[in-house]
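To start, the structure under review is shown below, and the notes come after it.
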Amino acid sequence: MPTQTWQSCFDHVHDVAILGAGYAGFAAARALHAAGRRVLLIDRGGDLLWESGRALMSEAGREEHPLWHALVDEVRRRGSADDDYLDGAIAEIVASSQLADDALPVLYYAGVVGVQMADDLLVGITVATKAGRRRIAARQWIDATEHGELLALLPDPPAFRRPSRQLLHVFLQHHSWPADLPASIEAPLALSNALAGVKLTWRRSFWETERLFCIDLPGDSNAPRTAIHPALQALYQAMPAAVMKEAVVSHVSAVALPTYERSADAAIVNPALPGNVTPASPAMTAEPVFTLAERFRLGARAASALADPSTASASSDLPVEGALPVGSMHKLTADVVVVGGGTGGAVAAIAAGRAGARVICLDALPFPGGIGAGGAIHLYYFGVPGGMQAELDQRVRETMAVFGRTQQVHGFHPDAKKTALEQMMREAGVTFLPQTMAFDVERSGQRVQAILASRPEGPCRIEADGWIDGTGDGDLCALAGAHFKLGREGDGLLHAYSQSAGCLKAQDKQKQQRVLLRYTNYDAGWVDPTDPDDLSRARVVGVCQYLRDSYGNWTRPTYIAPAIGLRQGRQIETRYMLTMADLIERRQFADVIGFTGAHYDNHSIDFEFESDEGLFWVWLCRQWRTRLACEMPYGMIVPRDLDNVWIASRALGVTMDAHSTCRMQRDMQRVGEAAGHAAALAVAHRLPARDLPISELQSRLAETGAIDVKRANTNVFDDLVVEAEALASPIDDEQIEQGLDHLARGVAHASLWYLYRSPERARSAVLEHLQSDNPHVSWLSAGIAAMWGDATAEPRLIRAITTREYGYDDFTDRHLTNLKPGVEQSARPEHHHRLVPNWLTAVSMLRACGTSACVPALLDLAGQPDLMLNVRTAIGLTFERLVQSGRVVDTEAVKQVIERLLREPVPGSFVVPGRCIGQMLNKADEAEAEPTASPRRRPEAVLTPYESHLWQLHLVIARLARLADLPLPVQVVACFDDPRAAVRRSFEPIRASRSLQTASD
């Protein structure tokens, strides 16, 4: 548990607030922290040392500051640097770990949009966050942003200099590079226009398989990333074809790095600034700035200047509360604005542009494409192909010719996708605003009229008639006041997040050696993406999980993904909410806009906290991998509370259970196309979203094959798909017969769902099988009856608990129809993350049908010594439901179960997200079973992310105590200030009802 009270960065005055987390900001933050100052480091991205990690600059340079050596020496000690080269990914990891070790707070994903002055001093700033406007207060300030974002908002902004050049870096991998390759590249005549004024150079890297290709552009280049594709074409034409045939691009600059020549401008050398503001921006110094060391030096000097006690300082009091000011805003207008140009938003923008609308698309990342382009998850995992995304996939495949052959890339190449999307946006006339975040909404009635957005160039106001929410967390809808749900009901948790990275793999196939481009993807922990403090915490934690004592060419992360891997955020309430039943029963809809399909890819392990239907499907039916599919209705992308907004992201209208299936990249691209066309049509016809003629929208979608079942099966990348053809009508007699057949044979099968959903047709047969001598038959029958709330299932479930029924003895692979090929023979709870013994499933299923008769069995189980965490939470949740429903009213029993569940120790409370509960239960005789994770969930490059889950037990106990009007155990109160926002949010109802005394009062 936390040893001190958690406090938000917005709730107190900092000694120094530093804007910009590049080398200058990092240097200033560490130096001032070491001097005992209370520091906050703020950045509009999550990009610590962005010059290395995003611009991929590797020329370290020289600097004598001890903190510079502390950084470089740590990278060097891990085998990732020499006198001239500093590996960007490892530098970002080491720097993040240094901030974590210092407990130095950071606020990522926040851009300054306004300033608050008092007595000619800066006392506060307004920052744009995913949660809207927030205030930061500090006594002193450092602007370490690239172009002086804070200084530009001052009442009398100073002069800034322009960069002389901009650098882009491309890293290529080859198993054996020839030694005689040319150092510079001359662009062929055909590419001279695209590369006018560009210098192309080529050199060795620090790593054995790597070469660096540098694209050196003029300083006034407006869209530097457009040079990447033609520059690579020039490289491929200039280099030997046999060599480039086996080369693959591993990582590319997400942003260009500005460099600066010496300046003699007196206004830049001696700017007039408030006495408590110090510049550390490269645009605010007369010195040349090229290397990483020179940037670090700017921050170290700024910190030294503020260490002078004579430096002016603002009051230690928080600024007066009131309106949060926003600076002078540039105004933009469009027909349709897409807020969030990620996986679905980018496609929505292109579709709306092609439909004739004037479109602005903005995204917090420097490029479009979201998780597939910038989150290192460059693979389609299920979903249904077809529609406009088929054209996009083909463009990506064609663009991959200069990024890497499909045989060398896992899925599609992320930089090829960035390039293809950028090209398609330009062709559709879309204005793309990178590094831009909406932070406020102007609404009239049910219509959104305008947004305020934060950009590096300053805040802006954008007006439009139609709006598309492409943010994964439904930020636009939430800012506009739409209703939403956040987290599962059991404990408020969302799906685990990931912090992915690029990596390499060697292939030696039939004596043909190659370098393969891969990525890591694992559950890093949990985060509340709507909370700015928590999102910042999760980013630091995720990056630090890559810290290792040493790295090699094949064991290093090549880059840290710019986008944190958020699987879930808000689920906006829409005109239709897709359900798990829709997916399992393969529903069709009159207002169909496409297809979705996957399996129930719920990343949870602790299904006692999931819904009854989720528990039934996974723990009883054992159908986690069974493929589901259905049509997607138009109503699920139309917010219930808004007339001119459509959703093109995973924030669409799905229940928590359905979200586990309907959230894949193909799903988002499918709804993106529909949202783009719908918004353009509605704006053209001046209609609210609910009145849009669905036939006209479907006609447009039919043209691209988005709702054409036959055309929906085109699979460009030959990866996992779900066929859209097997759609069904409501449950029929044949399906009931199928379910009864599996039940009679004791086979855990998806068809048992049909029986649960059809009690009027299946009840008599299920209750008859409940008396079967075959334990598998009676067990499955009890599970179905329990889902009906039928108390006749209770004795069979109690028997499973009292006998500790395992349920897998003499249980052959025919009983599990949905596991991976080759896994069936070992399909037992200790070998599969989502299987548990029958007795634990029974504990949780009693919440649906139990009575006071099950209390003795539950109390007896709760009294067992060294009971594992997940057994305790399952017991507590069942007791909570029994008390809540009035089926158990014995306060003394509640008191007893609380006392027993709180007994220490609690094995299994400090675990990895992907632990195997069945395996841990199998080692229940040990005080603390070592949880394991599969190799895929714990990549070699990643340290296993252990995290305490004891709070879940305390949450359940707190709710039980509140129901029974009992004092709160003292352990509960400590959770109120847990540093994790998801924990604090789950305890908020308990905290709000502090009329309950604690046990120590």
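Just so you know, these numbers come straight off a predicted model, no measurement behind them.
For Tyr380 and Gln669, the side-chain atoms include at least one donor-acceptor pair closer than 3.5 Å. Judged purely by distance below 3.5 Å, without hydrogens or angles, the side chains of Thr792 and Asp790 pair a donor atom with an acceptor atom. There is a side-chain donor-acceptor pair under 3.5 Å between Tyr600 and Asp657. Side-chain contact of Asp528 with Thr530: a donor-acceptor pair under 3.5 Å is present, judged by distance alone. In the model, Gln698 has no side-chain atom that pairs as donor or acceptor with a side-chain atom of Tyr634 under 3.5 Å. Checking Asp601 against Tyr381 by side-chain atom types alone, no donor-acceptor pair falls below 3.5 Å. Checked by atom type, the side-chain pair Asp582/Tyr576 shows a donor-acceptor distance below 3.5 Å.
Considering only residues two or more places apart in sequence or on other chains, Arg804 meets the side-chain contact (heavy atoms from CB on, under 4.5 Å) condition with Ile801, Trp839, Asp860, Leu861, Gln864.
Classified by interplanar angle (parallel below 30°, tilted 30° to 60°, perpendicular above 60°), the ring pair Tyr519/His378 is perpendicular. Aromatic ring pairs are classed by plane angle as parallel below 30°, tilted from 30° to 60° and perpendicular above 60°; the pair His599 and Trp624 is perpendicular. A perpendicular orientation is assigned to the rings of Trp617 and Trp753, their planes being inclined by more than 60° (bins at 30° and 60°).
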Using atom types as modelled, flag every donor-acceptor pair under 3.5 Å from a side chain in residues 870-882 to any protein atom, sequence neighbours excluded.
unit_1: Asn870; atom_1: ND2; unit_2: Glu608; atom_2: OE2; d: 2.8
unit_1: Arg872; atom_1: NE; unit_2: Leu867; atom_2: O; d: 2.6
unit_1: Arg872; atom_1: NH1; unit_2: Leu901; atom_2: O; d: 2.8
unit_1: Arg872; atom_1: NH1; unit_2: Arg903; atom_2: O; d: 2.4
unit_1: Arg872; atom_1: NH2; unit_2: Leu867; atom_2: O; d: 3.0
unit_1: Arg872; atom_1: NH2; unit_2: Arg903; atom_2: O; d: 3.3
unit_1: Arg872; atom_1: NH2; unit_2: Pro905; atom_2: O; d: 2.7
unit_1: Thr873; atom_1: OG1; unit_2: Glu608; atom_2: OE2; d: 2.7
unit_1: Thr873; atom_1: OG1; unit_2: Leu869; atom_2: O; d: 3.3
unit_1: Thr873; atom_1: OG1; unit_2: Asn870; atom_2: O; d: 3.1
unit_1: Thr878; atom_1: OG1; unit_2: Val843; atom_2: O; d: 2.6
unit_1: Thr878; atom_1: OG1; unit_2: Ala874; atom_2: O; d: 3.1
unit_1: Glu880; atom_1: OE1; unit_2: Arg959; atom_2: NE; d: 3.4
unit_1: Glu880; atom_1: OE1; unit_2: Arg959; atom_2: NH2; d: 3.1
unit_1: Glu880; atom_1: OE2; unit_2: Arg959; atom_2: NE; d: 2.8
unit_1: Arg881; atom_1: NH1; unit_2: Asp612; atom_2: OD2; d: 3.2
unit_1: Arg881; atom_1: NH2; unit_2: Asp612; atom_2: OD1; d: 2.9
unit_1: Arg881; atom_1: NH2; unit_2: Asp612; atom_2: OD2; d: 3.4

Compile the donor-acceptor pairs under 3.5 Å between side chains in residues 483-494 and protein atoms, sequence neighbours left out, one pair per line.
unit_1: His483; atom_1: ND1; unit_2: Arg640; atom_2: NH2; d: 3.3
unit_1: His483; atom_1: ND1; unit_2: Asp641; atom_2: OD2; d: 2.9
unit_1: Arg488; atom_1: NE; unit_2: Asp491; atom_2: OD1; d: 2.6
unit_1: Arg488; atom_1: NH1; unit_2: Ser604; atom_2: OG; d: 3.1
unit_1: Arg488; atom_1: NH1; unit_2: Asp606; atom_2: OD1; d: 3.1
unit_1: Arg488; atom_1: NH1; unit_2: Glu610; atom_2: OE2; d: 2.6
unit_1: Arg488; atom_1: NH2; unit_2: Asp491; atom_2: OD1; d: 3.4
unit_1: Arg488; atom_1: NH2; unit_2: Asp491; atom_2: OD2; d: 2.9
unit_1: Arg488; atom_1: NH2; unit_2: Asp606; atom_2: OD1; d: 3.2
unit_1: Arg488; atom_1: NH2; unit_2: Asp606; atom_2: OD2; d: 3.0
unit_1: Asp491; atom_1: OD1; unit_2: Leu493; atom_2: N; d: 3.1
unit_1: Asp491; atom_1: OD2; unit_2: Gln952; atom_2: NE2; d: 2.7

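Contact annotation: the side chain of Arg670 never approaches that of Ile593 to less than 4.5 Å [non-hydrogen atoms, C-beta and beyond].
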Problem - Derivation and outcome, ring-ring contact (aromatic ring centres under 6.0 Å, His included), residues His603 and Trp526 - result: CA-CA 11 Å; His603 277 244; Trp526 287 267; over 10 Å; no

Practice task
Show your reasoning for whether salt bridge (charged side-chain N to carboxylate O under 4.0 Å, His left out) applies to Arg745 and Asp741.
Solution key: CA-CA 6 Å; Arg745 293 186 288 119; Asp741 176 64; 3.0 Å; yes

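Of the possible donor and acceptor atoms, one in the side chain of Arg834 sits under 3.5 Å from a partner among the backbone N and O of Asn602. In this structure, the side chain of Gln571 engages the main chain of Leu652 through a donor-acceptor pair within 3.5 Å.
Closest approach of Ile736 and Leu755 over heavy atoms only: O-CD2, 3.6 Å. Considering all non-hydrogen atoms of both residues, Arg567 and Ala496 come closest at NH1-O, 2.7 Å. The two atoms that bring Gly569 and Arg650 nearest to each other are N-NH1, 3.2 Å, heavy atoms only.
A distance of 8.0 Å separates CG in Leu701 from CD1 in Ile694, rounded to the nearest 0.5 Å.
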